[in-house]
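Computed from a prediction, not measured in an experiment: that's the story for all the values here.
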Amino acid sequence: KEPADLHQVQAGDVLVTDKTDPDWEPTMKKAAAIVTNRGGRTCHAAIVSRELGLPAIVGTETGTDVLHTGQSVTVSCAEGETGFVYDGVARFEIQKVDLADQARPKTKIMMNLGNPDEAMRLSQIPSDGVGLARLEFIVTTYIQIHPLALLHPERVSSADRQEIDRLTSGYADKPQFFVDRLAEGIAMIAAAFYPRDVIVRLSDFKTNEYANLIGGKPFEPVEENPMLGFRGASRYYHERYRDGFALECRALKKVREEMGLTNLKIMVPFCRTVEEGRRVLHEMARHGLVRGEHGLEVY
């Protein structure tokens with residue numbers, strides 16, 4: 001599908017495209033499966049498909065050439081490392097396994113999970129908790145707004161302010177909307193797996209991805225290589241973003257201390273130096289997240 005055709009995708013279609021990015025996520029939710037020409041295990045399509053619980057095959061190179069609109073296909077990710085797209089509706093069988101009789105390995109097995117709506121279902125599968133809960137899906141889906149746009153609405157366009165007012169209806173304190181929604185999303189995951197560990201990774205959008213959030217463009221620099229730019233730990237203590245990071249800290253503190261979900265642990269992404277790690281820990285402590293206090297662990 002070309003971007004202009006995305007509105008035509010129905011609940012139950014297979015989405016076939018060159019690649020996906022965060023703008024595609026509303027459409028991806030409608031799809032029965034996703035097939036892309038480009039990408040690998042850590043590409044956007046692969047990560048979001050896992051969070052949505054969708055079968056996805058990425059890196060096919062020729063998917064958009066071989067498959068065409070209206071064609072019936074079966075997308076299968078059940079046959080090992082390589083996925084297959086079969087022409088027509090393939091026959092399959094269902095095997096049910098009684099998990100109660102399965103021996104547990106000595107190695108702890110933890111899940112990757114970023115979609116709170118999937119948390120309760122996935123928590124029923126034997127595991128030792130969540131080893132990576134990314135915040136990005138919660139922000140793009142539950143919040144949609146750049147945190148600094150809520151703190152500094154005077155810098156945002158009138159069109160974006162109208163959209164922010166619509167999304168935050170009922171909130172006189174606009175930044176509190178970010179805190180509450182982020183806390184709700186995190187808490188759904190932490191509660192589903194309680195008392196097992198849930199390791200939440202702090203936000204790690206790249207600048208171009210932050211800019212795509214509602215009201216985000218005035219607050220983000222344009223970088224030649226956002227992959228290696230102003231992202232992860234370097235943002236949290238920087239004067240350009242520290243106020244936005246404070247909202248993340250407030251949300252995490254709310255989950256741990258107000259909701260009592262102390263199984264939540266924190267991961268700091270893209271930390272490049274020991275000094276940068278110290279600065280982030282100091283910034284977190286300013287907002288009540290003190291490493292070691294109340295059992296708080298920070299990776």
Quick one: are [X] and [Y] in side-chain contact, heavy atoms under 4.5 Å?
| X | Y | answer |
| --- | --- | --- |
| Val200 | Ile266 | no |
| His44 | Glu25 | yes |
| Met28 | Leu15 | yes |
| Val280 | Cys271 | no |
| Lys206 | Phe230 | no |
| Ile47 | Arg134 | yes |
| Val268 | Tyr236 | yes |

Could you state the interatomic distance from CD1 (Ile34) to OG1 (Thr36), rounded to the nearest 0.5 Å?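 So the CD1 of Ile34 and the OG1 of Thr36 are separated by 8.5 Å.
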Rounded to the nearest 0.5 Å, what's the gap from CG on Asn112 to CG on Leu132? Could you check?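 It is 4.5 Å, given to the nearest 0.5 Å.
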How are the rings of [X] and [Y] set relative to one another: parallel (under 30°), tilted (30 to 60°) or perpendicular (over 60°)?
| X | Y | result |
| --- | --- | --- |
| His146 | Tyr210 | tilted |
| Tyr171 | Phe177 | perpendicular |
| His152 | Phe219 | tilted |

Scan side-chain atoms only and decide if [X] and [Y] contain a donor-acceptor pair under the 3.5 Å cut-off.
| X | Y | result |
| --- | --- | --- |
| Glu223 | Thr207 | yes |
| Asp87 | Gln71 | yes |
| Thr168 | Lys174 | yes |
| Tyr142 | Asp180 | no |
| Glu276 | Tyr237 | yes |
| Asp18 | Asn37 | yes |
| Glu248 | Ser203 | yes |

If you apply the rule ring pair (Phe, Tyr, Trp, His ring centres under 6.0 Å), what do you find for Phe245 with His287, and how did you get there? CA-CA 10 Å; Phe245 181 61; His287 303 291; 7.0 Å; no
Group every Ile, Leu, Val, Met, Phe, Trp and Tyr by side-chain heavy-atom contacts under 4.5 Å, then state whether [X] and [Y] land in the same group.
| X | Y | result |
| --- | --- | --- |
| Leu167 | Ile143 | yes |
| Tyr194 | Val255 | yes |
| Leu252 | Leu113 | yes |
| Phe178 | Met284 | yes |

Indicate yes or no: does [X] engage [Y] in a salt bridge with an N to O separation below 4.0 Å.
| X | Y | value |
| --- | --- | --- |
| Glu136 | Arg201 | yes |
| Lys29 | Glu51 | no |
| Arg242 | Glu283 | yes |
| Arg104 | Asp128 | yes |

Salt bridge (Lys or Arg N to Asp or Glu O under 4.0 Å), that's the test. Do Glu220 and Arg235 meet it? Break it down for me. CA-CA 11 Å; Glu220 297 298 329; Arg235 295 182 70 99; 2.7 Å; yes
